[in-house]
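Below you'll find the structure, written out as structure tokens, and then a few comments.
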Amino acid sequence: MTSECDAMRETMSELLDNRPGAEDRRRLLAHLEGCRACQLEWDSLRAVDELLSGAAMVSPAAGFTVRFQARLAARRRQRRRTAIGLVLLAAVTALLVWLGVSTLVAFGLLFWQGAGVWAPSLLEHGVDSLSVLARAAENSIGVALVVWRAMSRLTGHPYFLSSASLTLLLTAAWVWIVGTRFRASRLARA
Amino acid sequence: MGDQEQTWINSARCGDEDAFGNLVELYQRPVFNLCYRMLGTPMAAEDAAQETFMRAFVHLSSYDVARSFSSWLLSIASHHCIDQLRRKHHQLLSLDSLSDDMWSGEEQAEPEEIVLDREKERAVNLLLQRLPADYRAAVVLRYWYDMSYDEIARLLDTTVSAIKSRLFRARHMLARGNDPTSDEPAARRTLSAPAAGGSGRSGVWAIA
């Protein structure tokens with residue numbers, strides 16, 4: 001096969017699309033006269049072209065639009081469920097985190113205030129520290145509620161500020177992590 | 001673009017699902033056919049066509065009114081199918097499953113004509129399955145949608161010369177068969193075999 005054959009073969013493809021100019025067309029026909037390999041190629045190219053040109057458009061099974069509308073409705077329901085789920089998740093997370101953070105902060109306050117009572121260390125007084133923990137937890141729920149009620153007056157208080165910002169941060173992080181995981185798993189299934 | 005279509009598009013943009021349903025009704029055939037030619041089975045095509053319309057509905061706000069709506073849809077469908085083919089590259093389609101189920105509805109007494117069409121259909125599918133995804137897209141858009149190189153290039157986000165060479169190489173591959181050492185054009189063998197009954201099938205298998 002010569003380099004002329006190479007060039008001719010590109011022209012063949014264009015000829016099937018009615019693209020080449022009169023000059024290229026004339027050159028191709030002249031080349032085909034004398035080149036058996038290109039003649040064979042041209043015949044099989046034309047056979048493929050004929051087969052593809054003759055193939056009709058295929059229609060989907062009846063009811064395609066109805067099935068699409070069902071999909072749309074399912075998607076809408078799915079989105080609503082996801083939105084409700086995320087709001088619930090955020091609410092529950094915020095509540096739990098708020099309690100946890102309050103406990104920690106209350107425990108910190110108690111430890112700091114009562115350092116003199118149960119010194120020298122937590123390790124030596126394990127039982128004591130457990131009861132202190134229990135007291136702190138009990139305290140924290142009370143503190144959390146009080147803080148919640150007195151929010152307007154306490155917004156400047158470091159206890160409230162630290163608890164609230166930590167709560168917001170942890171809740172947002174958790175909802176974000178769960179949300180992206182959920183999306184990823186749904187995409188993987190699709 | 002018809003006024004009616006423009007009205008539907010505008011309503012659909014405001015979230016009117018019924019208006020979008022009209023567009024689905026109008027374009028289901030070209031979109032489904034593209035997916036079918038790309039993916040090779042009616043089931044995969046149904047799924048891809050549904051997904052195409054879903055994406056179109058979700059991203060309707062990014063549709064550029066200056067373009068034709070049908071090319072926009074076909075562009076979404078082609079890109080989706082090319083992605084699908086690349087992702088499922090390893091899961092080669094079983095040749096026997098091709099186009100068998102789509103005719104199952106009219107299986108009873110098959111007139112000669114349907115058998116013939118069916119064999120041709122199978123031959124077309126087998127031919128297309130041999131092409132890489134982006135070549136296949138160019139061939140399908142050229143043959144079933146009668147698009148110019150320019151339109152195909154715009155639709156597939158590439159250049160006219162890339163489309164030209166894809167069509168040239170695709171045709172060469174189809175004419176030659178997959179074996180690069182074979183010098184005998186394969187398609188002619190297939191097509192000259194009578195495309196009906198058992199002997200037709202062996203002809204079709206010859207190019208597989």
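Naming convention: chains lettered A, B, ... in sequence-line order (proteins, then strands); numbering from 1 in each chain. Quantities reported herein were computed from a predicted structural model and do not represent experimental measurements.
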Any salt bridge between B:R87 and B:D83, counting N to O under 4.0 Å?
no
Worksheet item: Does the separation of the ring centres of A:F64 and B:F53 fall below 6.0 angstrom?
Response: yes
Counting heavy-atom pairs under 4.5 Å with chain A, the top scorer among B:R142, B:E25, B:K164 is B:R142
If one checks every heavy atom of A:R75 against chain B at 4.5 Å, the contacting part turns out to be side chain
Would you say the side chains of B:S71 and B:S68 form a donor-acceptor pair under 3.5 Å?
yes
Interface check, chain A: of B:Q50, B:R171, B:R37, most non-hydrogen pairs under 4.5 Å belong to B:Q50
One option among A:R71, A:Q69, A:M12, A:E10 has the most heavy-atom pairs under 4.5 Å with chain B, and it is A:R71
Applying a strict 4.5 Å limit to non-hydrogen atoms, the region of B:V140 in contact with chain A is neither
### Message
Between B:R86 and B:D134, does any NZ, NE, NH1 or NH2 come within less than 4.0 Å of an OD or OE carboxylate oxygen?
### Response
yes
Turns out that what part of A:A73 lies under 4.5 Å from chain B's heavy atoms comes down to neither
Whatever's closer than 4.5 Å to a heavy atom in chain A on B:D47 counts as both
Margin query: For B:Y27 and B:E5, which I'm curious about, is there any donor-acceptor pair between the side chains at under 3.5 Å?
Written below: yes
Checked B:L34, B:D18, B:V58 vs chain A; the most non-hydrogen pairs under 4.5 Å come from B:V58
Checked B:Y143, B:F20, B:F57, B:Y145 vs chain A; the most non-hydrogen pairs under 4.5 Å come from B:Y143
Bottom line for B:R169: the part with an atom under 4.5 Å from chain A's heavy atoms is neither
| query | Stepwise, does the side-chain contact (heavy atoms from CB on, under 4.5 Å) test hold for B:R166 with B:T158? | reply | CA-CA 11 Å; B:R166 274 184 211 175; B:T158 180; 4.0 Å; yes
So, B:E51 and B:R55, do they make that salt bridge, N to O below 4.0 Å? yes
